[in-house]
Trainee: 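Handing you this structure, nothing more for now.
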Amino acid sequence: MEKIWRKSYVTGVPHEMRFEEITLPAALSRSAARYRDTPALVFQGTEVTFHQLDEMASRFASALKGLGVKPGDRVGILLPNLIQTAVAVYGALRLGATVCMHNPRSDDMPLRHQLTDAEPRVLVCLDVLVPRILEMQKRTKLEKIVSCHIRDYLPFLKKQLFPLVKTKLHLKTPQAEGIYEFTKLMESSEPIKETKGPGLDDTAFILYTSATTGIPKGVPLSHRNLSYNTQQVRAWFPTFKDGREKVVGCLPFFHVFGLTCALNIGIFYGFTDILVPLPEPKNIAEAAHSYQASFIPALPTLYTAYVNDPSLTKYSLKAVKGCFSGGAPLALGTIRQFEKMTGAQICEGFGLTESSPVTHINPYGGKTKVGTIGLPLPDTDAKIMDLDDPTKEITAPGVPGELWVTGPQIMQGYLNLAKETQATLKDGWLATGDIATMDFEGFFSIIARKKDIIVCESQRIYPRDVEEVIFSHPKIQEACAIGIEGPGKGEVVKAFVVLKKGETASEQDILAHCRKKLAPHQMPTSIDFLDEMPRNPVGKTQRRELKRLHLLRTYKAKEATQKNA
């Protein structure tokens, strides 16, 4: 099929990339030479230049080597966005190890599964998590633990005050065999001498899917996957200046969105990365304001909060040139209001862990279509496949089907999951599991996850269609539609909503609003009000948690009725 989306590219974005054949640690060395004294990382007032970061990564590579890590071994990282995180990631990569990223806020069950599945030999983790890891260590192949403290790289005054005000966030590292202090390892290790380094096709990371529908799957990604995707994303913002931009590192680096669009893009192109360990809207807005950030890649929760919470508007975002929103749909009204308030453009995009992650973005500096995920990146192909016959490609604009993508950023397969790999990779194409449409200009829109489609009397209902109508109610901040068991065959729609701060509304108010714009079979049968949506660790609304909440409330209501009978 003709790549009609190329006609919508802005000037300066190439139709085809000329990729640099450069690995991630080599990119750091290059930036250290080009931008020696430019701050690479900023954390609570502490600045680390590119030259310093390059040396620190080499020291940590040396430390890992001293712990017995060899090229090809796996090193786990269980940290928020700290200076130590960037150092540990690039130090391990420089040694030729594979980095396994884990969410420090994970429950024991998924974390234990990941440590067993990925089998890291060494784990770099936050001090408060060491006791938990020691309990899990017996059931894994984990040999050594490197403990990090948040206070390690704070400025002098903050470091002195930290134990007084944050005692629960700082623990002494247990004195036991196989446990090491990050800073002591750094102090006792000389920078490693030049090594052969990894190749482009060597595995750089093992990342885990967000598991919205099941057990997290390990996704090995090569240096080529991540290097090329970082270059694709950079090409999409042609007016950005290498060595001069400041990116807010609020997306967690353990998630591929933050890894590529905050950490790696900064390393590759000399952007200063302003680290935000706790990615709450206030912290993000304050960081962007304080350091005059020019680029914010973030989840929709930031933009939604900024336009709805008056206390956040004291933080000016006027220095921001562009924002990249992904991970979940963003309400149309939120995009328009945020751009009006700040002057910054929000580019909604799309990606998956399996695609490093970015495949689509709305054009930066050109025509965008609010509510779409935009256009495929250069050297990325996409197509819509029939839901009933997955061998048939849909070419007519506006007809929904499953989105398939291909390009150099696509994974080679899941870790230890041959069957799942076979079901997801089709002759070089990644079957995303997302239902999408493409319009006549090549803009794609995500309608629903395949597993989230609501089937009512053989009719398909896409949650996004219902949610957009509810979003348009002036008192609604967030909405999520799910399918629940109906009185007859199939499912019916139930909606959960979060009201804007200070607003009140009744179920009947919202249902009356919906009746004006929805077909009878799309109408929610009920509306439940929540203070906030349940989210997974990277901010996506958990539909299965909403279904569990519905069943719980139904059970309690039935129990109360029986008691009163």
Side-chain angles (χ1 to χ4, degrees), residues 3 5-20 22 27 30-31 34-35 38-40 42 50 227-251 257-258 260-274 284 287-289 291-298 302-303 306 316-326 330 335-336 338-351 357-370 372-380 409 441-443:
K3 297 179 181 180
W5 50 80
R6 288 179 171 177
K7 297 177 182 177
S8 298
Y9 279 14
V10 300
T11 302
V13 175
H15 289 181
E16 294 181 355
M17 296 286 298
R18 292 183 178 178
F19 291 109
E20 293 184 87
I22 187 169
R30 184 179 66 180
S31 289
R34 289 180 176 176
Y35 313 110
T38 298
V42 175
F50 277 96
S227 174
Y228 281 19
N229 196 227
T230 301
Q231 294 176 55
Q232 288 171 308
V233 173
R234 173 66 184 88
W236 204 253
F237 296 86
T239 59
F240 279 15
K241 303 295 184 183
D242 293 354
R244 295 174 60 181
E245 307 300 341
K246 296 178 182 179
V247 55
V248 179
C250 57
L251 292 166
F257 189 9
T260 292
C261 297
L263 181 59
N264 289 344
I265 200 169
I267 296 296
F268 266 67
Y269 298 104
F271 296 177
T272 298
D273 206 328
I274 306 157
I284 299 169
H289 168 86
Y291 295 99
Q292 295 293 287
S294 55
F295 180 43
I296 305 179
L302 166 66
Y303 311 111
Y306 194 82
S316 172
L317 303 184
K318 295 296 184 181
V320 178
K321 298 178 181 178
C323 299
F324 182 6
S325 179
L330 189 58
I335 295 175
R336 294 191 180 103
F338 182 89
E339 292 183 340
K340 183 178 180 181
M341 292 170 68
T342 65
Q345 180 184 354
I346 293 180
C347 299
E348 272 199 287
F350 172 81
V358 189
T359 63
H360 294 67
I361 317 180
N362 263 279
Y364 173 71
K367 177 181 179 180
T368 65
K369 292 190 177 181
V370 176
T372 74
I373 58 171
L375 314 169
L377 292 175
D379 277 78
T380 301
Q409 68 270 53
E441 290 182 301
F443 283 79

Trainee: Restricting to non-hydrogen atoms, name the atom on Ala235 and the atom on Val13 that form the minimum distance, rounded to 0.1 Å.
Mentor: O-CG2, 3.5 Å
Trainee: Looking only at heavy atoms, what is the nearest atom pair of Val10 and Pro363, with distance?
Mentor: CG1-CB, 3.8 Å
Trainee: Taking the side chain as everything from C-beta on, heavy atoms only, tell me whether Met17 gets closer than 4.5 Å to Tyr228.
Mentor: no
Trainee: What's the spacing between Ile346 CD1 and Ile335 CD1 if we round to 0.5 Å?
Mentor: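 With rounding to 0.5 Å, CD1 (Ile346) is 5.5 Å from CD1 (Ile335).
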Trainee: Nearest heavy-atom pair of Gly442 and Trp5: which atoms, and what distance?
Mentor: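 Reported closest heavy-atom pair: O-CB, 3.6 Å.
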Trainee: Apply ring-ring contact (aromatic ring centres under 6.0 Å, His included) to Phe324 and Trp236, showing your working.
Mentor: CA-CA 11 Å; Phe324 182 6; Trp236 204 253; 9.7 Å; no
Trainee: Does Arg234 use its side chain to pair, donor to acceptor, with the backbone of Phe237 at less than 3.5 Å?
Mentor: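 Indeed, once roles are kept as given, a pair shorter than 3.5 Å links the two residues.
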Trainee: With a 6.0 Å cut-off on the ring centroids, do Phe240 and Tyr364 count as close?
Mentor: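 Ring centroids of Phe240 and Tyr364 are less than 6.0 Å from each other.
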Trainee: Would Arg30 and Glu20 satisfy salt bridge (Lys or Arg N to Asp or Glu O under 4.0 Å), going step by step from the backbone distance to the final call?
Mentor: CA-CA 12 Å; Arg30 184 179 66 180; Glu20 293 184 87; 2.4 Å; yes
Trainee: Hey, are Glu245 and Lys321 close enough for a salt bridge, meaning a charged N less than 4.0 Å from a carboxylate O?
Mentor: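 Yes, charged N to carboxylate O under 4.0 Å.
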Trainee: Under the 3.5 angstrom rule, does the side chain of Asn229 hit a backbone N or O of Val358 as a donor-acceptor pair?
Mentor: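 Indeed, once roles are kept as given, a pair shorter than 3.5 Å links the two residues.
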Trainee: Would you check if the side chain of Thr372 reaches a backbone N or O of Lys369 as a donor-acceptor pair within less than 3.5 Å?
Mentor: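 Answer holds: yes.
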Trainee: Counting the benzene-type ring for Trp, do Phe271 and Phe295 have ring centres under 6.0 Å apart?
Mentor: no
Trainee: For the CD atom of Gln232 and the CG atom of Asp379, what is their distance to the nearest 0.5 Å?
Mentor: 6.5 Å
Trainee: Find the distance between OG (Ser294) and CG (Leu317) and round it off to the nearest 0.5 Å.
Mentor: 12.0 Å
Trainee: Can Tyr303 and Ile296 be said to form a side-chain contact (heavy atoms from CB on, under 4.5 Å), step by step?
Mentor: CA-CA 10 Å; Tyr303 311 111; Ile296 305 179; 4.2 Å; yes
Trainee: Just verifying a value: how many Å separate Phe350 CZ and Ile373 CD1, rounded to the nearest 0.5 Å?
Mentor: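 Separation between the atoms: 5.5 Å.
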Trainee: Using only atom types and a distance under 3.5 Å, with no angle test, would you say the side chain of Glu16 pairs donor to acceptor with the backbone of Pro378?
Mentor: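 No, because the side chain of Glu16 does not come within donor-acceptor range (under 3.5 Å) of the backbone of Pro378.
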Trainee: Please check: side-chain N/O of Glu348 versus main-chain N/O of Val370, any donor-acceptor pairing under 3.5 Å?
Mentor: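 Flag not set: sc Glu348 to bb Val370 has no pair under 3.5 Å.
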Trainee: If you compare all heavy atoms of Ser325 against all heavy atoms of Phe257, which two are closest, and at what distance to 0.1 Å?
Mentor: C-CZ, 4.4 Å
Trainee: How close do Ala293 and Val248 get, counting heavy atoms only, and between which atoms?
Mentor: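 In terms of heavy atoms, the two residues are closest at CB-CG2, 3.4 Å.
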Trainee: Are the side chains of Leu377 and Ile361 in touch, meaning some heavy atoms are under 4.5 Å apart?
Mentor: yes
Trainee: Give me the atom names and distance for the closest heavy-atom approach of Thr38 to Gly270.
Mentor: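 Looks like CG2-O, 4.1 Å.
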Trainee: State, yes or no, whether a side-chain contact exists between Ile22 and Gln231 at a heavy-atom distance under 4.5 Å.
Mentor: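 Side chain of Ile22 against side chain of Gln231, heavy atoms only: contact under 4.5 Å found.
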Trainee: Hey, is the main chain of Pro39 close enough, under 3.5 Å, to the side chain of Thr272 for a donor-acceptor pair?
Mentor: yes
Trainee: Could you tell me the separation between the CD1 atom of Ile267 and the CD1 atom of Ile265, rounded to the nearest 0.5 Å?
Mentor: 11.5 Å
Trainee: Is it true that a side-chain atom of Ser8 and a backbone atom of Glu441 form a donor plus acceptor pair closer than 3.5 Å?
Mentor: yes
Trainee: To the closest 0.5 Å, what do you measure between CD (Gln345) and SG (Cys323)?
Mentor: 9.0 Å
Trainee: Strictly below 4.0 Å, N to O, side chains only: are Lys246 and Asp273 in salt-bridge contact?
Mentor: no
Trainee: Using ring centroids (six-membered ring only for Trp), state whether Tyr269 and Tyr35 fall under 6.0 Å.
Mentor: no
Trainee: Please determine which of Gln409, Lys3, His360 meets the side chain to side chain donor-acceptor pair (under 3.5 Å) test together with Thr380.
Mentor: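 The single option meeting the side chain to side chain donor-acceptor pair (under 3.5 Å) with Thr380 is Gln409.
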